[in-house]
Structure formats: structure tokens, C-alpha cells
Amino acid sequence: MEKRKENVVLFPFMAHSHITPFLALAQQIERKGYTVTFVNTSINIKKLQKFLPSNSSIRLLEIPFKAAEHGLPPEAENSDSLPYKLALHLLEASSCLEQPFRKLLADLVERNGGGVKPVCVVADFLFEWTAHVAHEFGVFHAIFSCTGGYGMACFYSMWLNLPHKHTQSLEFMLPDFPEAGKLHVTQLSPALLVAQEDDPFTIFQWKNLPNWSKSDGILFNTFEVIDKTGLAYFRRKLGIPVLAVGPMLLSEYDRSRIGRKPAISPALCVEWLNKKQPNSVLFISFGSQNTISASQMLQLAKALDSSRTNFIWVVRPPLGYPMNADFVPQDWLPEGFVQHIQDQEMGLIVEKWGPQMEILSHKSTAAFLCNCGWNSVLESLKNGVPLIGWPMAAEQYYNAKYLVEEAGVCVEVARGTNFAVRQEEIMEKIELVMGDNYKSKEIKRKACEIKEIIKDATRDEESYKGSSVQAMEELFIAALLSKENTNV
Ligand SMILES: O=c1ccn([C@@H]2O[C@H](COP(=O)(O)OP(=O)(O)O[C@H]3O[C@H](CO)[C@@H](O)[C@H](O)[C@H]3O)[C@@H](O)[C@H]2O)c(=O)[nH]1
């Protein structure tokens, strides 16, 4: 059997949109010949066991966690299955993994024959405490932020400065990130709106974010060429190596074996798309956790109908319903809408979860109306598909800002679930991105340009290494050097 290089320990937060890019990272590190140990809580590891092919060298390791001891439902080991408040609670509870993680690292060092420690720990950006645990064992530590640089830079600055608390104005600047220009109160997530000293989530952020500088490096799921402003912010703020290693995306095949099954088979979706003209279909989906309000849903449906747009829409129960509520789109959508769009073969409604990658990579897909979750953004741009942004949480508002103002590949249609979006505005934005006009052509041109930049960043040939490949190599050089020095 081939002898593998040193061990890299990967530890993502317990959420679909964190575990999947970490898995893509694990596969890439495995391809480079390193041993990979992938750490997570028991339920998540059991799901992953089914995902890994039998010849994979990636080692899955359980870390003990009892959700019920933290006031969570006993099976609550993944934020995707939880309502927003409990997902925050899972995040807060995750800091209790520190002691078990210490034990796990001690065992790994021991198992490797005393002193042959892992070369590197790469942990989630939500787990700042893993840095000092890794350092206790003299192990190099890097953070992997599965977001882009710019969106995360705004988010980081927002949380640490709370600029909206120091002004009556609806608009404000970020004191340490003036390059981002003005922000508006509608770009504040519900969590930021209520941020204050004694709020548990604020306490979490105020501990988590500043401690990133204690790590030995930070990786972003983005590209050097197009995300310079955000990456420069972290370079001056943290004073540690900041590396753009994106895109970390699983292949369609791998995604089909992990986690949620789409309600419609990819083949049926593709068959439906095959009947449509190239560049004629709008894809609508709001990430892994978000949904819109009942009134927003009505306006969106009316806009699709009136504009006669071809669409695939991953419909979830509107706000106020449990995520796993029975699927009754006819109750949530305008009367006759479901039948009408079926008769006209104009739209496809998919229940709760769709085959996103297959849809985005189809030539009939013209644009993607989404929450601007960073995985969705990468999946869209990798296929040269422009976006219509409807951010709803976390750094999604600033991802949208980046996509509109810096990258020029998106128009924004609404913000959050309280936004009184009207059918006419939605129609206008659809027309801007999908119609036959100068703006739509420009947006498409830029999206295709970024598609090429992404291809280039990931080229890994004897004679040419793209920027993301070089950045990964830099990480390992730094980690190996650090290991040599600490072994002296
Ligand atoms: O019907 C669906 C819906 C989603 N997905 C997949 O699920 C992932 C969704 O990820 P993302 O677009 O990033 O959305 P969220 O899960 O909402 O993202 C969370 O994680 C992201 C990465 O850290 C952050 O950018 C967001 O703010 C945060 O909400 C993507 O890979 C999608 O392809 C599907 O396959 N089918």
C-alpha cells in the first residue's frame, strides 16, 4: 500500500454548508498524498461513512457530543435540521467540544508513536478555540472559512464595530473597512440588529472573531484575482498568512451520495431543462436553511407568472411553518398557480431540496435567484451563471454587495424576510438579468469571465499552477516548516 505523507486533521462546524466544502478540501489534501483525519460528531460521521468510497484513505473520527445536555433535541448535531434559534444554540454549545478535541489530539499524537504529531489542524472559522488546543501540542493551526473574503470582511468588521449602534442614520461606514463604502440598515441580519453586550450570540462573536489572529493562517474559499479587497482587509487585520484556495466544491457524484436527497431526480430535472431554450430558465433556491415569508412567496409567484419566465423553484414551507411541514404548495402559492405553470410547461416546482449543481451546470439555466450563501455563489459562478440576490442572513448581505458592486454579476431584488418586495420589482430585476438588454449582456459577460478565472485558479499542471493551487502549497510549506522547527 502506498505510504502516505503526514496527517492533516480537519474539523468543520456541524452544518451541511460547512461539512461539504471541508470534504472537498479533504479530498484535495488526500490527492496531494497526505493522510486526512476528518473530525465531527457521531451522527454526522455516521452519515459520512456512507459517503466515502471504500478505497478512500480519509479517516473519520467521532468527537463526543451530547446535544441533550445543552438543551437541544438529542439528535441535534447538524444545524440544518434546526430552527434558527436552536442553530445558534448549537453554535454556542459547540465550544464545549474543546476538552474532547484536546483528548482527540492527544490520542492522535500518542497513536502515531509518541511525538509524531499531525502536521496541521484545519478547523472551522467558528472554532477559534481549536488554535490554542493545537498549539498545546505544537501543531500548526489554520482556519478554513468556507466564505469569500469580501463578504466575510464586512461581516467581521460589522460584528466587531457595530457601526449601526453609533448613528441614527440609515447608512453608515465600516470604520476599519472604508473600501466597502456605505452600508444600509437593511443589510443587517436579525442577529446584528439585536447585537449587544449581554446577548449570547454577540458574546460568541466577540470571542470568536478577534481570536482568528491566534491561528497560523487562514484559508478562504475564494480566488486571489477577484477577491483582493476582502483578502487585503484580513491581511492587514490579522497579520497572519491569508490564502485564497477556492473553490472547494464537491463533484455532483459526491454530492449525490452525501446528505439530503433531492425531491426530484437530477435526470428528470435535466430532461425538463433539455426542452427549454439555452439561457432561458431562472433557478430559484435559498440555500440549505433559509425560506421566505408567505407574502414574499406570493409576490414571487405572481412575478414569475406575469413575466412568463421559465423557472425551477425549490419551494420550502414559508416562514412560520416548521421546515419539515407537509408540502402543500397550493396553500402557499396563488390559486391555480401550480396547475397553470404545469399546463404551460413553464415552471417546475421542487419540494424542499433540488439537484442544484445539475441545474446550474445546464445550458438552459440563465440566472440564479438565491440567498447569496457562498456555496451557491461559487456553484453559480463556476458555471458562468449570473445571480439575482436575495440575502437573508449572516454575511450573505455582503456577498450580495460584493457580487453587485465589485464583481458586477448580480442585481439585488430584496433583503431578508421582512422586506416588502413587490411583484413589479421582481419582474424588473428578472428582466434586467435575463432580458435582451445591455445590462444583462454585461452581467453575463462578467459571469463568464469569472468562470474562466475560476478554471485558471485551479489549474494544477507540471508547468503551471493556478493561484488557489499555489496557495494550498504555501499552507503545507508553512506547516511542514513549523513542524520541523517545533521538533528540534
Ligand atoms: O435545494 C437545494 C438547496 C441547497 N443545496 C446545496 O446546499 C448548499 C447551500 O449552501 P449555501 O448556498 O452556502 O447556503 P447556506 O447553507 O444558507 O449557507 C451557509 O453557509 C455559507 C457558507 O459558509 C454562508 O455563506 C451562508 O451565509 C450560510 O447561511 C449548496 O452547496 C447547494 O448546492 C442543494 O443542493 N439543493
Side-chain angles (χ1 to χ4, degrees), residues 12-25 78-82 84 87-88 91 124-127 143-156 158 187 189-192 219-222 230 246-252 254-266 269 283-292 312-316 323 327 348-361 365 368-383 385 387 389-403 416-417:
F13 175 64
M14 298 80 86
H16 174 91
S17 46
H18 290 230
I19 290 177
T20 3
F22 261 86
L23 275 175
L25 178 66
N78 193 308
S79 73
D80 302 358
S81 52
L82 298 174
Y84 179 68
L88 285 191
L91 180 55
D124 202 285
F125 70 86
L126 297 169
F127 292 163
I143 290 170
F144 176 41
S145 172
C146 25
T147 67
Y150 183 99
M152 189 43 96
C154 293
F155 179 86
Y156 188 97
M158 269 289 189
Q187 290 170 303
S189 63
L192 264 167
L219 314 177
F220 282 96
N221 200 1
T222 189
M248 293 296 165
L249 292 173
L250 284 182
S251 69
E252 274 117 282
D254 286 336
R255 288 160 58 98
S256 68
R257 291 177 310 132
I258 179 181
R260 298 191 207 177
K261 289 269 161 292
I264 180 172
S265 79
C269 242
F283 176 45
I284 306 163
S285 180
F286 297 109
S288 68
Q289 296 161 6
N290 295 111
T291 187
I292 51 180
I312 298 181
W313 182 0
V314 178
V315 173
R316 303 227 170 96
M323 281 284 227
F327 193 67
L348 191 60
I349 289 194
V350 177
E351 179 179 340
K352 296 178 186 172
W353 196 259
Q356 181 159 312
M357 283 283 247
E358 282 84 354
I359 297 170
L360 286 172
S361 58
T365 302
F368 184 16
L369 168 49
C370 75
N371 66 339
C372 299
W374 194 247
N375 294 298
S376 291
V377 169
L378 291 179
E379 288 159 18
S380 206
L381 293 177
K382 184 171 179 252
N383 290 293
V385 174
L387 296 113
W390 188 331
M392 295 184 183
E395 92 303 356
Q396 294 161 18
Y397 298 90
Y398 320 120
N399 294 341
K401 183 174 166 64
Y402 163 79
L403 293 166
T417 48

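Atom set for the values below is all heavy atoms of this structure, side chains included, hydrogens, waters and symmetry mates excluded. Both counts, for ligands and for their atoms, begin at 1 and track the order of listing.
Heavy atoms of R316 come nearer than 4.0 angstrom to ligand 1 in at least one pair. Residue contacts with ligand 1 include T147, since one or more of its heavy atoms lies under 4.0 Å from the ligand.
The closest protein non-hydrogen atom to atom 28 (C) of ligand 1 is Q396 NE2, 3.8 Å. Among all non-hydrogen protein atoms, the one lying nearest atom 27 (O) of ligand 1 is E395 OE1, 2.7 Å. In this structure, the protein non-hydrogen atom closest to atom 17 (O) of ligand 1 is N371 ND2, 3.2 Å. Distance from atom 12 (O) of ligand 1 to its nearest protein heavy atom, with residue and atom name: S376 OG, 2.5 Å. The protein atom (non-hydrogen) at minimum distance from atom 35 (O) of ligand 1 is R255 NH2, 3.1 Å. In terms of protein heavy-atom proximity, atom 4 (C) of ligand 1 is closest to W353 CH2, 3.4 Å. Summary of contacts: the protein heavy atom closest to atom 19 (C) of ligand 1 is S17 OG, 3.2 Å.
Shortest non-hydrogen contact noted between A15 and S79 is CB-OG, 3.2 Å. The two residues L387 and C370 make their nearest non-hydrogen contact at CD2-SG, 3.6 Å. Considering all non-hydrogen atoms of both residues, P21 and C146 come closest at CG-CB, 3.6 Å.
Of the candidates C370, A393, G287, S288, the one placing a heavy atom closest to atom 3 (C) of ligand 1 is G287. In this comparison of L378, N375, V377, the heavy atom closest to atom 22 (C) of ligand 1 sits on N375.
Contacts between V350 and ligand 1, counted as non-hydrogen atom pairs separated by less than 4.0 Å, are absent for every part of the residue. Only the side chain of V314 comes within 4.0 Å of ligand 1, counting heavy atoms alone; its backbone N, CA, C and O stay farther away. Contact annotation for A394 and ligand 1: only side-chain heavy atoms (C-beta onward) come within less than 4.0 Å of the ligand. Both the backbone and the side chain of C146 come within 4.0 Å of ligand 1, judged by heavy-atom distances. With a heavy-atom cut-off of 4.0 Å, N290 touches ligand 1 through its side chain alone. Residue-level proximity to ligand 1 for E379 is carried by the side chain, the only part with a heavy atom below 4.0 angstrom.
With S285 contributing its side chain and V314 its backbone, the two residues share no donor-acceptor pair below 3.5 Å. Remark: the backbone N or O of M392 is not paired with any side-chain donor or acceptor of N371 at under 3.5 angstrom. Counting only distance, with no hydrogens or angles, the side chain of N383 and the backbone of V385 share no donor-acceptor pair below 3.5 Å.
Among the atoms of Q356, some N or O lies under 3.5 angstrom from an N or O of ligand 1. Close N/O approach between G354 and ligand 1 is found [any backbone or side-chain N/O within under 3.5 Å].
Outside the 6.0 Å centre-distance limit, the rings of H18 and F144 are not counted as a close aromatic pair.
Contact check for L378 versus N221: side-chain heavy atoms found under the 4.5 Å cut-off. Counting only heavy atoms from C-beta outward, the side chains of T222 and W374 approach each other to under 4.5 Å. With a 4.5 Å cut-off on side-chain heavy atoms, I284 and W390 do not count as touching.
For the ring pair (Phe, Tyr, Trp, His ring centres under 6.0 Å) test, residues two or more places apart in sequence or in another chain that qualify with F368 are F283. Scanning for salt bridge (charged side-chain N to carboxylate O under 4.0 Å, His left out) contacts around E358 gives an empty result, with sequence neighbours left out.
Each of the following atoms of ligand 1 lies closer than 4.0 Å to a heavy atom of S285: 1 (O), 2 (C), 3 (C).
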